[in-house]
*Asks:* 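Pasting a structure here, questions to come.
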Amino acid sequence: MSDSNQALEYPKTRKADQIDDYHGTPVADFYRWLEDPDSEETKTWVDAQNQVTFSYLEQIPAREKIKQRLTQLWDYEKYSIPFKKNNRYFYFKNDGLQNQSVLYTLTSLDDEPRLLLDPNKLSEDGTVALSGLSISEDGQFLAYGLSSSGSDWQEWKVRDIETGNDLSDHLKWIKFSGASWTHDAQGFFYSRYDEPNEKTQLEDVNYYQKLFYHRLGTSQSEDVLIYERPDEKEWGFAGGVTEDGKYLVISVWRGTDPKNLVFYKDLTNSDAQIIELISEFEASYNMMDNDGSLFWFRTDLDASRGRVIAIDINKPAKENWQEIIPQSDDVLEGVGLLNNQFVADYLKDAQTVVKIFNLDGAFVREVELPGIGSAGGFDGKRYDTETFYSFTSYTTPATIYRYDMISGKSTLFRQPNVDFNPDNYETKQVFYTSKDGTQVPMFITYRKGINLDGNNPTYLYGYGGFNISLTPSFSVGQLVWLELGGVLVIPNLRGGGEYGEDWHQAGMKLNKQNVFDDFITAAEWLIDNHYTRPEKLAIGGGSNGGLLVGACMTQRPDLFGAALPAVGVMDMLRFHKFTIGWAWCSEYGSPENPEEFQVLHQYSPLHNLKPETAYPATLIITADHDDRVVPAHSFKFAAALQEAHQSEKPVLIRIETKAGHGAGKPTAKIIEELADKWAFLVRTLDIAVN
């Protein structure tokens with residue numbers, strides 16, 4: 001199999017006689033049996049597919065060289081932004097190639113750090129990850145969540161920070177939840193589901209989340225149920241204690257829709273009831289802090305780009321609400337309180353701008369950032385005068401700065417040392433016109449001195465959904481692509497949050513085709529402007545971005561040389577039947593709704609593969625423990641694609657074992673996967689590797 005044009009022999013996939021009726025439309029589902037990941041037939045199929053895929057990838061001569069370069073570049077010290085509780089600082093550090101980052105604590109930034117929690121010791125292969133943590137107000141206890149093999153399911157434990165020993169506390173069946181301590185450090189609030197069926201816990205739907213209080217030193221069976229809604233199976237609850245310790249604020253979520261409710265409970269009164277402060281799903285309300293009975297929120301109510309309001313819980317009627325910071329032309333992503341001032345994080349054309357305001361909303365200053373890119377951090381307590389933030393761009397590894405809230409000065413705190421010269425590369429932002437006339441921004445990064453002769457291998461990466469913004473960030477994987485002579489292109493498609501809730505809704509439900517049109521038009525723009533040509537153009541994306549790739553390669557198979565859909569939502573008629581998939585109906589619409597079914601059926605990647613069509617060379621990527629987007633999506637799409645595809649270009653599926661949707665994936669597995677992706681593109685796009 002040394003010649004890439006030699007036809008591959010794909011495993012035979014049994015076709016079942018399954019026809020479903022959707023509102024009078026018959027729809028075949030030949031590969032329904034692949035939805036059972038534990039059946040012997042599915043396991044045999046997975047092994048056979050992996051054998052074909054890995055034997056193809058392993059004989060690409062450039063793969064080992066790419067893997068070595070990834071490993072070499074990855075091997076640098078990585079620090080997280082430090083944060084403080086009481087008199088202690090905490091931060092994560094990765095020496096370079098550790099599978100998981102390690103948590104350290106110290107009492108002064110000049111002290112010798114002490115190791116507090118090393119997740120690498122929890123499993124030999126690095127597949128147990130730290131997936132959540134919460135430190136008690138007195139800095140005495142660490143509650144931490146662990147997830148195995150990339151699953152969304154978490155188990156929580158408690159560690160004494162002084163001794164480094166774990167207490168007896170052990171909580172299970174937690175998902176989509178943090179932990180929030182009461183100020184007496186006696187326990188914390190968290191949310192969990194009922195115990196699932198052990199055999200099908202990675203596929204079963206997740207309904208009826210409940211909010212509990214766990215008291216230290218007691219068993220989970222004694223936890224106090226704080227709130228549940230047996231009449232609302234889709235509601236989830238995030239309980240957080242206010243900084244003054246007086247209130248439990250409950251954000252009620254429903255699916256992935258950003259709209260939420262807000263309830264609260266007075267923790268100073270043991271008989272206090274839960275009060276519904278905001279009881280309609282009409283907007284998003286993100287509580288920042290409070291001053292006694294005055295609660296501050298970032299909301300998109302009557303402001304799709306966000307604003308800050310104050311609600312006095314003693315006078316909760318809407319006519320008494322006060323606007324503190326009005327909506328601006330830029331998107332208000334988040335707000336914190338430091339030095340008794342608001343620190344507001346804005347997005348301007350997908351780039352970070354940070355502004356400081358007084359509590360009355362008066363503008364104080366803009367934070368001078370090191371350049372055009374993405375900044376994050378600015379965490380701390382209401383009266384802190386010191387904070388930290390990180391700054392990154394496509395050619396700047398995440399660099400940490402200390403910020404003085406009084407003087408407004410940033411000082412370099414930690415700068416990573418990565419073995420490359422950023423001056424060799426440049427990023428520019430362009431705006432292109434999508435199919436319906438909408439202007440869409442796009443970042444293009446490449447080695448300086450590029451020839452616009454249409455021959456550059458180009459990787460077009462997108463997401464376009466769930467109000468998520470793609471802002472400039474550095475990754476070793478992207479850097480290796482640039483070193484291979486590749487062009488990296490990231491458009492800010494509709495469906496994301498780059499221009500607020502209106503931009504999000506323009507790519508949701510019945511408008512979802514706009515997202516695909518934006519991506520296809522980006523590809524056409526790159527070809528028209530001589531960056532690349534179809535034979536040299538690859539598209540990639542994960543999760544909702546995997547759906548994007550699947551939809552675009554089925555709609556325009558002629559436009560792309562290669563496609564890399566990862567952990568994608570490929571079956572738009574059955575996504576809501578597994579784990580948390582039902583929650584995406586607020587984003588995609590529901591197949592149970594006749595009008596929404598028509599739209600879903602029109603673009604569902606699985607249902608739009610046409611027989612005897614030459615599709616782009618494709619490497620589908622998924623994982624056996626993905627309980628967010630279950631692997632059945634990718635399994636069924638791969639089987640249908642291999643049957644429909646008429647070309648000698650490879651269409652393969654790479655199924656990772658002991659891994660999930662992506663969170664907590666060990667470094668070793670990330671490097672292997674990236675080496676496979678870039679090697680696949682080197683082969684299929686015919687890239688010369690020196």
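Counting from 1, the numbers follow the sequence of the chain as shown. Note that the coordinates shown come from a computational prediction; the quantities given were computed from them, not determined experimentally. The figures here come from the full heavy-atom set of this structure, side chains too, leaving out hydrogens, waters and symmetry mates.
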*Asks:* Is Leu171 close to Phe188 at the side-chain level, that is, under 4.5 Å between some pair of heavy atoms?
*Replies:* yes
*Asks:* Could you tell me which residues satisfy ring pair (Phe, Tyr, Trp, His ring centres under 6.0 Å) with Tyr463, sequence neighbours excluded, listed by chain and number?
*Replies:* none
*Asks:* Taking atom CD of Glu595 as the centre, report whether more than 12 heavy atoms of other residues, nucleotides or ligands fall under 6.0 Å from it.
*Replies:*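 Not buried by this count: 12 neighbours or fewer within 6.0 Å.
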*Asks:* Residues two or more places apart in sequence or in another chain: which of them pass ring pair (Phe, Tyr, Trp, His ring centres under 6.0 Å) with His607?
*Replies:*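 Partners of His607 under the ring pair (Phe, Tyr, Trp, His ring centres under 6.0 Å) test: His601.
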*Asks:* Pairing donors with acceptors under 3.5 angstrom, does anything connect the side chains of Thr42 and Ser39?
*Replies:* yes
*Asks:* Please report the interatomic distance OG(Ser147) to CD1(Ile174), rounded to the nearest 0.5 Å.
*Replies:*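 Reported value, rounded in 0.5 Å steps: 12.0 Å.
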*Asks:* Output all residues satisfying salt bridge (charged side-chain N to carboxylate O under 4.0 Å, His left out) with Arg14, sequence neighbours left out; order by chain, then residue number.
*Replies:* Glu41
*Asks:* Using 0.5 Å steps for rounding, measure from the OG atom of Ser647 to the CD atom of Glu612.
*Replies:* 13.0 Å
*Asks:* Should Arg654 and Phe54 count as side-chain neighbours, where that means a heavy-atom distance under 4.5 Å?
*Replies:*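 A side-chain contact under 4.5 Å exists here.
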*Asks:* Mind checking whether Val440 and Thr521 have side chains closer than 4.5 Å, heavy atoms only?
*Replies:* no
*Asks:* Between the side chains of Asp502 and Arg305, is the shortest nitrogen-to-carboxylate-oxygen separation below 4.0 Å, so that they form an ion pair?
*Replies:*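 Asp502 and Arg305: not salt-bridged.
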*Asks:* Do Ile653 and Tyr10 come close enough that some side-chain heavy atom pair is under 4.5 Å?
*Replies:* no
*Asks:* Using a strict cut-off of less than 4.0 Å between a Lys/Arg side-chain nitrogen and an Asp/Glu carboxylate oxygen, indicate whether Asp20 and Arg32 qualify as a salt bridge.
*Replies:*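 A salt bridge links Asp20 with Arg32.
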*Asks:* State, without any angle test, whether Gln513 and Gln602 hold a side-chain donor-acceptor pair at a distance under 3.5 Å.
*Replies:* no
*Asks:* Can you name the closest pair of heavy atoms from Cys552 and Phe519 and give their distance?
*Replies:*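 That would be SG-CD2, 3.7 Å.
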*Asks:* Just checking, is any N or O donor in the side chain of Ser469 or Thr471 under 3.5 Å from an acceptor N or O on the other one?
*Replies:* no
*Asks:* Using a 4.5 Å cut-off on heavy atoms from C-beta on, say whether the side chain of Thr13 contacts that of Trp33.
*Replies:*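 They are in side-chain contact.
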*Asks:* Indicate the atoms forming the closest heavy-atom contact of Pro557 with Ala614, along with that distance.
*Replies:* CB-O, 3.7 Å
*Asks:* Is the closest side-chain heavy-atom distance between Pro37 and Val630 below 4.5 Å?
*Replies:* no
*Asks:* Quick one: does Asn50's side chain have a donor or acceptor within less than 3.5 Å of a partner on Ile655's backbone?
*Replies:* yes
*Asks:* Are a donor atom and an acceptor atom from the side chains of His170 and Glu155 found within less than 3.5 Å of each other?
*Replies:*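 Yes, a side-chain donor-acceptor pair sits under 3.5 Å.
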*Asks:* May I ask you to decide if the ring planes of Tyr227 and Phe237 are parallel, tilted or perpendicular, using 30° and 60° as cut-offs?
*Replies:* perpendicular
*Asks:* Check for a donor-acceptor pair, side chain of Tyr459 on one end and backbone N or O of Ile490 on the other, with a separation under 3.5 Å.
*Replies:* no
*Asks:* For atom CD of Gln18, decide whether the heavy atoms of other residues, nucleotides or ligands shown that lie under 6.0 angstrom number more than 12.
*Replies:* yes
*Asks:* Could you grab the distance from atom CD of Gln505 to atom CD of Glu587, nearest 0.5 Å is fine?
*Replies:* 9.5 Å
*Asks:* Ignoring hydrogens and angles, tell me if any N or O in the side chain of Asp518 forms a donor-acceptor pair with the backbone of Leu493 under 3.5 Å.
*Replies:* no
*Asks:* Taking 4.0 angstrom as the limit, do Glu35 and Lys577 come out as a salt bridge?
*Replies:*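 Answer for the salt bridge query: no.
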*Asks:* Would you please indicate yes or no on a ring centroid separation below 6.0 angstrom for Phe635 and Trp45?
*Replies:*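 So the answer is yes for these two rings.
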*Asks:* Just by distance, with hydrogens left out, do Ser543 and Arg628 show a side-chain donor and acceptor under 3.5 Å apart?
*Replies:* no
*Asks:* Quick one: does any side-chain atom of Asn260 pair with a main-chain N or O of Tyr285 as donor and acceptor, under 3.5 Å?
*Replies:*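 Pair found, side chain donor or acceptor close to backbone of Tyr285.
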*Asks:* Look at the side chain of Ser590 and the backbone N and O of Glu592, then say whether any donor-acceptor pair between them is shorter than 3.5 Å.
*Replies:*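 Yes.
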*Asks:* Which pairs, with at least one residue in residues 547-568 and sequence neighbours excluded, count as a salt bridge (charged side-chain N to carboxylate O under 4.0 Å, His left out)?
*Replies:*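 Checked against salt bridge (charged side-chain N to carboxylate O under 4.0 Å, His left out) - neighbours excluded - the pairs reaching residues 547-568 are Glu524-Arg556, Arg556-Asp558.
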*Asks:* Taking the six-membered ring for Trp, are Tyr213 and Phe189 parallel (under 30°), tilted (30 to 60°) or perpendicular (over 60°)?
*Replies:*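 Rings of Tyr213 and Phe189: tilted, as their planes differ by 30° to 60°.
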*Asks:* Output, in order, the C-alpha distance, side-chain angles, deciding distance and verdict of salt bridge (charged side-chain N to carboxylate O under 4.0 Å, His left out) for Glu656 and Lys665.
*Replies:* CA-CA 11 Å; Glu656 182 68 82; Lys665 188 180 287 186; 5.4 Å; no
*Asks:* Ring pair (Phe, Tyr, Trp, His ring centres under 6.0 Å) with Tyr31: which residues, sequence neighbours excluded?
*Replies:*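 Ring pair (Phe, Tyr, Trp, His ring centres under 6.0 Å) list for Tyr31, sorted by chain: empty.
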*Asks:* Does a side-chain heavy-atom distance below 4.5 Å link Lys210 with Leu225?
*Replies:* yes
*Asks:* Going from CD1 on Ile278 to NZ on Lys259, what distance comes out if it is rounded to the nearest 0.5 angstrom?
*Replies:* 14.0 Å
*Asks:* Do Leu564 and Val549 have side-chain heavy atoms sitting under 4.5 Å apart?
*Replies:*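 No, side chains not in contact.
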*Asks:* Mind checking whether Phe466 and Tyr588 have ring centres under 6.0 Å apart?
*Replies:* yes
*Asks:* Establish, for the pair Lys15 and Phe30, whether the NZ or CZ atom is under 6.0 angstrom from the six-membered ring centre and no further than 45 degrees off its axis.
*Replies:* yes
*Asks:* Do His23 side-chain atoms and Pro591 backbone N/O form a donor-acceptor pair below 3.5 Å?
*Replies:* yes
*Asks:* Among pairs that include at least one residue of residues 563-573, which meet salt bridge (charged side-chain N to carboxylate O under 4.0 Å, His left out), considering only residues two or more places apart or in two chains?
*Replies:* Asp571-Lys636
*Asks:* Rounded to the nearest 0.5 Å, how far apart are OG of Ser177 and CZ of Phe212?
*Replies:* 11.0 Å
*Asks:* Tell me the closest heavy-atom pair linking Glu333 and Arg298, and the distance in Å.
*Replies:* O-NE, 4.2 Å
*Asks:* Hey, is NZ on Lys435 packed in by over 12 heavy atoms from elsewhere, all under 6.0 Å?
*Replies:* no
*Asks:* Between the main-chain N or O of Asp300 and the side-chain N or O of Glu501, is there a donor-acceptor pair closer than 3.5 Å?
*Replies:* no
*Asks:* Start with the C-alpha gap between Arg494 and Asp436, add the side-chain angles, then the distance that decides, and say whether salt bridge (charged side-chain N to carboxylate O under 4.0 Å, His left out) holds.
*Replies:* CA-CA 12 Å; Arg494 280 176 283 184; Asp436 64 355; 2.8 Å; yes
*Asks:* Can you see which heavy atom on Tyr615 is nearest to which on Lys610, and at what distance?
*Replies:*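 Heavy atoms of Tyr615 and Lys610 come nearest at OH-N, 2.7 Å.
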*Asks:* Can you see which heavy atom on Pro119 is nearest to which on Leu130, and at what distance?
*Replies:* CG-CB, 4.1 Å
*Asks:* Quick check against the 3.5 Å criterion: does Asp152 have a side-chain atom that pairs as donor or acceptor with the backbone of Lys175?
*Replies:* no
*Asks:* For Phe680, is there any backbone N or O sitting under 3.5 Å from a side-chain donor or acceptor partner on Thr684?
*Replies:*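 Yes; judged by distance alone, with no hydrogens or angles, the pair exists.
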*Asks:* Of the non-hydrogen atoms in Ile226 and Ile274, which two are nearest, and what is the gap between them?
*Replies:* O-CD1, 3.5 Å
*Asks:* If you measure from OG on Ser284 to CZ on Phe297, what distance do you get to the nearest 0.5 Å?
*Replies:* 11.0 Å
*Asks:* Whether the Asn608 and Thr554 side chains hold a donor-acceptor pair (N or O, under 3.5 Å, no angle test) is what I'd like checked.
*Replies:*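 Short answer, no.
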*Asks:* Let me know which of Tyr208, Tyr207, Phe575 forms a ring pair (Phe, Tyr, Trp, His ring centres under 6.0 Å) with Trp582.
*Replies:*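 The passing option is Tyr207.
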*Asks:* Is Glu498 reaching over with its side chain to a backbone N or O of Leu347, donor-acceptor style, under 3.5 angstrom?
*Replies:*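 A pair under 3.5 Å: no.
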